[in-house]
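Step one of this worksheet: look at the structure below.
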Amino acid sequence: MKLILGSGSPRRKELLAQLGIVPDAILPPDIDEDPRKGELPRPYAARLAREKAAAVAAGPDDIVLCADTTVALGRRILGKPRDAGEAAAFLTALGGRRHEVITAVAVRRGDRVWSRESVSAVKMKRLSDAELNAYLAGGEWEGKAGAYAIQGAAGAFIPWISGSFTGIVGLPLAETAALLSAAGWPVWRQG
Ligand SMILES: Cc1cn([C@H]2C[C@H](O)[C@@H](COP(=O)(O)OP(=O)(O)OP(=O)(O)O)O2)c(=O)[nH]c1=O
C-alpha cells in the first residue's frame, strides 16, 4: 500500500508533512477545471476533488489523496486567476466583504472513494490602491484560488475567519486525517 498525493500544490505537501506524512509519490492530476453552467461553488469543489482522485493512476491497494480549493463569493466561483488583471478584479470584489473558502478532499483506494468538504468564512478588508498594487506586484496571487494566500502577505488583509485555517490554505487536516484513516492509512502510527 502506497500513499499518492495527487496534487501539484506545494501547500498540500507541506500541510501533510504537518501530520508527519510523506507521500510515496506526488502525481499532479490534469483535469478540466471549468465549472458547469449554473454549478454552485460547493458541489463544484466536491466534483473537482473526486475527478482529480479518479484521474490519478494508482494500484488497486494504493491510496490517492486529492483536494480542490474554491473561493465562493455568494454563488460565484472564483478559481485561480488567469492574469494580474483578473487577480485585481477578484481582490476588488472580495475586499470589504465576507466570502467562503471551500476545500473538498477526496481519498480513493481502488474503487472506493471517501470525501468531505471544509467550508470557512473569511472577511477581507477593502484594499487601498497601494495595498492592491503592492500585492499584485508581489506575485503571491498566482495559482491561488480567489487570487490570495492567507498564509502569506494577504494575512494582513484578513482580520477574521471562521472555520479551518488549514482548509483555507488548501488541505483541511482534521478532515484529511479522518478520511485517510477511513481508507486504512495508519495516520497515527508511532515512530
Ligand atoms: C484561498 C487560498 C488558496 N490557496 C491555494 C491552495 C491551492 O493550491 C490553490 C487552489 O487551487 P486548486 O485547484 O485547489 O489546486 P492546485 O491547482 O494548486 O493544485 P492541484 O490541483 O494539483 O492539487 O489555492 C492558498 O494557498 N491560500 C489561500 O489562502
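We count ligands from 1, going down the list as the structure has it; atoms in each ligand are counted the same way.
- Tyr148 has its ring centre no less than 6.0 Å from the ring centre of Tyr135.
- At least one heavy atom of Gly143 sits closer than 4.0 Å to an atom of ligand 1.
- Here Lys125 pairs with Glu131 in a salt bridge; the nearest charged N to carboxylate O distance falls below 4.0 Å.
- Those atoms of ligand 1 with a heavy atom of Ala149 less than 4.0 angstrom away are 27 (N), 28 (C), 29 (O).
- For atom 6 (C) of ligand 1, the candidate residues are Val169, Thr103, Leu94; the nearest heavy-atom contact is made by Val169.
- Of all protein heavy atoms, the one closest to atom 8 (O) of ligand 1 is Arg11 NH2, 2.8 Å.
- The protein heavy atom nearest to atom 18 (O) of ligand 1 is Ser9 CB, 3.7 Å.
- Of the options Gln151, Lys52, Glu142, the smallest heavy-atom separation from atom 12 (P) of ligand 1 is shown by Lys52.
- Of the charged side-chain nitrogens involved, none lies within less than 4.0 Å of a carboxylate oxygen, so that Asp62 and Arg109 do not count as a salt-bridged pair.
- A salt bridge is absent between Glu142 and Lys80: the closest approach of a Lys/Arg side-chain nitrogen to an acidic carboxylate oxygen does not fall below 4.0 angstrom.
- Inclusion of Ala145 in the set of residues having an N or O under 3.5 Å from an N or O of ligand 1 is warranted.
- For ligand 1, the polar-atom distance check finds no N/O of Val101 at less than 3.5 Å from any of the ligand's N/O atoms.
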Show, in sequence, the C-alpha distance, side-chain angles and deciding distance for Glu140 and Lys144, and conclude whether the salt bridge (Lys or Arg N to Asp or Glu O under 4.0 Å) test is met. CA-CA 8 Å; Glu140 283 185 17; Lys144 313 288 188 341; over 6 Å; no
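- Scanning all heavy atoms of the two residues, the minimum distance from Asp24 to Met1 falls at OD2-O, 4.5 Å.
- A heavy-atom distance below 4.5 Å is not found between the side chains of Val113 and Val107.
- In this structure, the protein non-hydrogen atom closest to atom 7 (C) of ligand 1 is Arg12 NH2, 3.7 Å.
- Here the closest non-hydrogen pair linking Val56 and Cys66 is CG2-SG, 4.1 Å.
- Residue Leu15 comes nearest to Leu171 through the heavy atom pair CD1-N, 3.5 Å, listed as atom of the first residue, atom of the second, then distance.
- Looking only at heavy atoms of the protein, atom 22 (O) of ligand 1 is closest to Gly8 N, 2.7 Å.
- Atoms of ligand 1 lying under 4.0 Å from at least one heavy atom of Glu33, given by number and element, are 13 (O).
- Shortest contact from atom 29 (O) of ligand 1 to any protein heavy atom: Ile150 N, 2.8 Å.
- Scanning all protein heavy atoms for the shortest distance to atom 5 (C) of ligand 1 gives Lys144 CD, 3.8 Å.
- Of all the atoms in ligand 1, the ones that sit under 4.0 Å from a non-hydrogen atom of Ile168 are 1 (C), 2 (C), 3 (C), 27 (N), 28 (C), 29 (O).
- Of the N or O atoms in Val71, none lie within a sub-3.5 Å distance of an N or O in ligand 1.
- Here the shortest heavy-atom distance to atom 17 (O) of ligand 1, taken over Lys80, Glu140, His99, belongs to Lys80.
- Remark: the Thr103 side chain and the Thr69 side chain contain an N/O donor-acceptor pair separated by less than 3.5 Å.
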